[in-house]
Amino acid sequence: MAILFLPMKLLPLLFLLFNSVMSTTLSSTATESFLQCFTSHIQYHFNSSDDISKIVITKNNSNYSSVLQSSIHNLRFWNTSTPKPEAIIAPFHYSHVQAAVICSKKEGILIKTRSGGHDYEGVSYVSGTPFIIIDLFNLRSIDVDIEKESAWVEAGATVGELSYAIAQKSKLYGFPAGICHTVGVGGHISGGGHGTLFRKFGLAADNVLDAMIVDVNGNVLNRKSMGEELFWAIRGGGGSSFGVIVAWKLRLVPVPTSVTVYRESKTIEEGATELLSKWQAIADTIPEEYFLRLVLLANQDGTNGEKVITVLFDCLFLETVEKLLPWMQENFLELSLDQTKFTEMSWIDSVLYFSGIPRNESELLLQRRTEDSNRFFKAKSDYVTDPISEAGLEHLWKILLEEERSVLILTPFGGKMSEISDSETPFPHRKGTLFEIQYMIFWNDDKETEKHIGWMRRLYEYMTPHVSKSPRAAYLNYRDLDLGRNIDDGSTGYEEASIWGLKYFKGNFMRLVNVKTVVDPDNFFWDEQSIPVLPWSEKLKCQQLGGFAATVEIQ
Ligand SMILES: Cc1cc2nc3c(=O)[nH]c(=O)nc-3n(C[C@H](O)[C@H](O)[C@H](O)COP(=O)(O)OP(=O)(O)OC[C@H]3O[C@@H](n4cnc5c(N)ncnc54)[C@H](O)[C@@H]3O)c2cc1C
Ligand SMILES: *[C@@H]1O[C@H](CO)[C@@H](O)[C@H](O)[C@H]1NC(C)=O
Ligand SMILES: *[C@@H]1O[C@H](CO)[C@@H](O)[C@H](O)[C@H]1NC(C)=O
Ligand SMILES: *[C@@H]1O[C@H](CO)[C@@H](O)[C@H](O)[C@H]1NC(C)=O
Ligand SMILES: *[C@@H]1O[C@H](CO)[C@@H](O)[C@H](O)[C@H]1NC(C)=O
Ligand SMILES: *[C@@H]1O[C@H](CO)[C@@H](O)[C@H](O)[C@H]1NC(C)=O
């Protein structure tokens with residue numbers, strides 16, 4: 001039986017689930033009290049009503065819809081029946097975040113924190129319970145210090161803005177973040193974060209030096225004052241369970257003046273299955289300067305309308321063509337290795353290249369939305385520890401051919417990722433992982449939603465014997481609520497949570513639960529997949545054993 005945990009702040013709301021009319025009245029009263037509390041807390045910083053309407057965006061502000069939509073990147077969570085926030089708080093200052101936390105706690109209102117809004121299940125801006133969004137898009141200054149090889153980045157900045165800011169200061173440094181430039185650093189780094197540089201330098205989360213977080217009491221803490229346990233938890237355990245991260249201090253990494261990109265595809269008829277087998281066999285032992293991801297597409301073939309499977313080699317080498325060519329000839333002679341297929345460029349140009357931005361339009365890195373933001377999608381992830389057999393692949397092709405717009409991204413691990421221990425950060429998918437698979441399906445019509453999600457679930461079922469087991473692991477940043485959710489009334493089924501908890505964090509899950517129990521015992525920072533608080537009986541046991549007080553520094 002699942003044990004339910006009711007955070008104190010949500011008890012009144014839970015009670016009112018039985019009376020929706022009362023509930024609406026009460027939640028709007030709570031919202032008004034919240035807004036009163038909030039505006040009185042921040043009066044020292046903003047004193048004209050004009051300013052306040054930029055920080056507090058209520059439902060009757062004419063900009064409410066556009067602000068809400070501005071960081072929604074999945075149309076599944078943008079329709080008339082999608083639950084909307086009572087208000088959006090858009091802080092310009094850390095004190096605004098502090099006030100929002102203090103006042104929402106006081107009034108028993110659920111808050112959701114949004115940075116870039118890329119959450120695959122809309123968890124940063126949708127909930128079944130009345131809620132308020134703290135949206136950090138105004139908090140996005142970036143301070144790059146080349147001499148100290150570090151940068152302070154506020155949580156609302158995107159990885160595109162970060163790369164751009166670094167390149168403005170120096171062409172010799174970069175940061176190992178994700179490939180899509182519109183992703184927010186708040187969610188991305190707190191969930192791990194990987195891209196073209198991670199085989200050489202590790203995850204974005206592996207390169208965090210310090211952080212600023214607003215905790216459940218409304219205090220702003222840095223690494224020293226939050227303690228090493230909480231600092232550990234927010235580097236891969238997801239920020240939303242622990243507080244509101246307002247800034248990261250990041251370690252910049254050295255990049256060569258010239259890197260090389262290469263893109264080449266083969267269809268199944270052209271031998272892609274054999275090539276993929278070859279790639280699987282060496283994926284995690286490829287030199288760490290080489291990033292060779294595979295993108296599998298089921299495309300309409302131009303000539304006869306038949307669908308074909310294409311495997312795209314999408315590569316970045318921290319090396320010149322001359323130096324890398326012998327390695328490619330030795331390992332992938334079947335690919336066209338004509339020198340014209342390789343392009344040498346600066347690291348920042350490779351960031352543009354992977355984002356599909358023309359080299360002369362680098363300012364597009366600063367855009368927070370692209371055309372791709374306006375589509376429906378569902379995704380899932382897997383980790384592969386033993387190569388998938390060719391028979392396994394042959395059947396996979398059949399499933400992919402059932403759909404029009406599926407994309408599978410195979411990201412090789414190894415290199416630096418194998419050198420970092422599983423418990424160094426909450427992200428546990430390290431040594432022994434050959435590669436990660438991300439399954440994605442896109443569509444444009446809400447009537448097709450069920451059909452495509454059904455297909456995705458069948459694909460995932462099919463892959464079971466071919467991927468990691470006990471647990472079948474998954475990547476937090478590719479959030480999947482099919483893996484289980486905390487139920488919407490604010491209670492946490494501890495046993496249910498441990499199902500997805502073990503998939504995302506493996507052996508690190510219990511340590512995250514311990515940290516959560518110490519820093520947020522009343523489960524104020526709750527969402528559909530937030531880390532649960534230890535059941536009181538377990539807590540008692542743990543205390544009797546001297547269990548977690550020893551491992552968790554208490555403020
Ligand atoms: C098009 C696309 C491309 C992607 N490419 C990559 C990639 O190359 N590599 C990769 O690793 N991932 C990638 N991702 C996944 C991405 O890393 C995650 O979706 C990430 O969580 C997004 O962060 P965000 O701030 O944009 O999202 P949000 O939706 O704002 O937040 C995601 C989660 O983090 C929480 N959160 C956000 N900000 C804060 C904060 N300041 N403090 C506390 N909690 C916070 C939210 O509450 C939510 O739970 C991609 C996603 C998309 C949609
Ligand atoms: C309003 O705030 C500014 C600082 O933001 C301050 O300089 C000014 O004196 C304030 N005005 C009033 C009337 O309080
Ligand atoms: C609408 O805005 C006014 C201030 O302009 C505010 O007093 C009122 O509470 C708002 N109503 C709602 C429902 O947000
Ligand atoms: C809405 O946004 C526009 C553009 O950002 C701004 O000029 C305007 O003042 C905003 N309106 C309100 C009511 O905040
Ligand atoms: C509207 O969005 C919600 C999620 O917020 C989803 O559950 C529902 O199916 C969507 N409705 C339609 C018609 O797409
Ligand atoms: C970049 O180049 C393309 C074509 O070469 C051109 O159409 C576009 O205007 C250029 N953009 C800028 C910002 O110069």
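Count residues from 1 along the sequence. In each ligand, atom 1 is the first atom listed, and ligand 1 is the first ligand listed.
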Any carboxylate oxygen within less than 4.0 angstrom of a Lys/Arg side-chain nitrogen, looking at [X] and [Y]?
X	Y	result
Asp445	Arg375	no
Glu154	Arg140	no
Glu229	Lys516	no
Arg235	Glu424	no
Arg263	Asp314	yes
Arg485	Glu528	no
Asp482	Lys380	yes

Short N or O distance, [X] and ligand 1, threshold 3.5 Å exclusive:
X	answer
Val246	no
Val185	no
Arg114	no
Ile245	yes
Arg375	no
Thr182	no

Exercise. Is the NZ or CZ atom of Arg472 both under 6.0 Å from the centre of the six-membered ring of Tyr460 and within 45° of that ring's axis?
Worked result: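 Cation-pi check for Arg472 and Tyr460: passes.
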
Problem set entry | Ser124 neighbourhood, listing ligand 1 atoms whose heavy-atom distance to it stays under 4.0 Å |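 Those atoms are 28 (P), 29 (O), 30 (O), 31 (O), 46 (C), 47 (O), 48 (C).
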
For this session: Spell out, as yes or no, whether a donor-acceptor pair under 3.5 Å connects the side chain of Asn508 to the backbone of Pro426.
Result: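 Yes; at least one donor-acceptor contact below 3.5 Å.
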
Exercise. Are any side-chain N or O atoms of Arg114 and backbone N or O atoms of Leu68, one a donor and one an acceptor, separated by less than 3.5 Å?
Worked result: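 Here the side-chain-to-backbone pair exists.
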
Among all protein non-hydrogen atoms, which one is nearest to [atom], and what is the separation to 0.1 Å?
atom	answer
atom 18 (C) of ligand 1	Asn477 O, 3.4 Å
atom 47 (O) of ligand 1	Thr113 O, 2.7 Å
atom 51 (C) of ligand 1	Tyr120 CE1, 3.3 Å
atom 26 (O) of ligand 1	Gly184 N, 2.9 Å
atom 3 (C) of ligand 1	Cys180 CB, 3.2 Å
atom 52 (C) of ligand 1	His118 CD2, 3.5 Å
atom 34 (O) of ligand 1	Gly187 CA, 3.5 Å

For [X], state whether at least one heavy atom is located under 4.0 Å from any atom of ligand 1.
X	value
Gly195	no
Gly117	yes
Gln529	no
His194	yes
Gly156	no

For this session: Measure from the ring center of Tyr173 to the ring center of Trp347 and say whether it is less than 6.0 Å.
Result: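 No: the rings miss the under 6.0 Å criterion.
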
Below 4.0 Å, non-hydrogen atoms only: which portion of [X] touches ligand 1? Side chain, backbone, both or neither.
X	answer
His73	neither
Leu136	side chain
Tyr125	neither
Ala155	side chain
Phe242	neither
Lys112	neither

Exercise. Using the ring of each side chain (for Trp, its six-membered ring), is His93 parallel, tilted or perpendicular to His96, with breaks at 30° and 60°?
Worked result: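 Tilted.
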
Is the closest side-chain donor-acceptor distance between [X] and [Y] under 3.5 Å?
X	Y	result
His429	Glu436	no
Asn79	Thr82	yes
Ser530	Asn486	yes

For this session: Let me know which of Tyr439, Trp443, Tyr120, Phe77 forms a ring-ring contact (aromatic ring centres under 6.0 Å, His included) with Phe377.
Result: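 Filter result, single survivor: Tyr120.
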
For this session: Let me know which of Tyr504, Tyr475, Phe509, Trp232 forms a ring-ring contact (aromatic ring centres under 6.0 Å, His included) with Phe427.
Result: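 When ring-ring contact (aromatic ring centres under 6.0 Å, His included) is applied between Phe427 and each of Tyr504, Tyr475, Phe509, Trp232, only Tyr475 qualifies.
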
Short N or O separations between ligand 6 and the protein, below 3.5 Å:
| from | atom 1 | to | atom 2 | distance (Å) |
| --- | --- | --- | --- | --- |
| ligand 6 | 2 (O) | Asn360 | ND2 | 2.3 |
| ligand 6 | 11 (N) | Asn360 | ND2 | 3.1 |
| ligand 6 | 11 (N) | Glu361 | OE2 | 2.9 |

For this session: May I ask you to check if ligand 4 and Ser62 share an N or O to N or O distance below 3.5 Å?
Result: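 Among all N and O atoms of Ser62, none is under 3.5 Å from an N or O of ligand 4.
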
Exercise. When you look for heavy atoms under 4.0 Å from ligand 4, do you find them on the side chain of Asn61, its backbone, both, or neither?
Worked result: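 For Asn61, the contact with ligand 4 is made by the side chain alone.
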
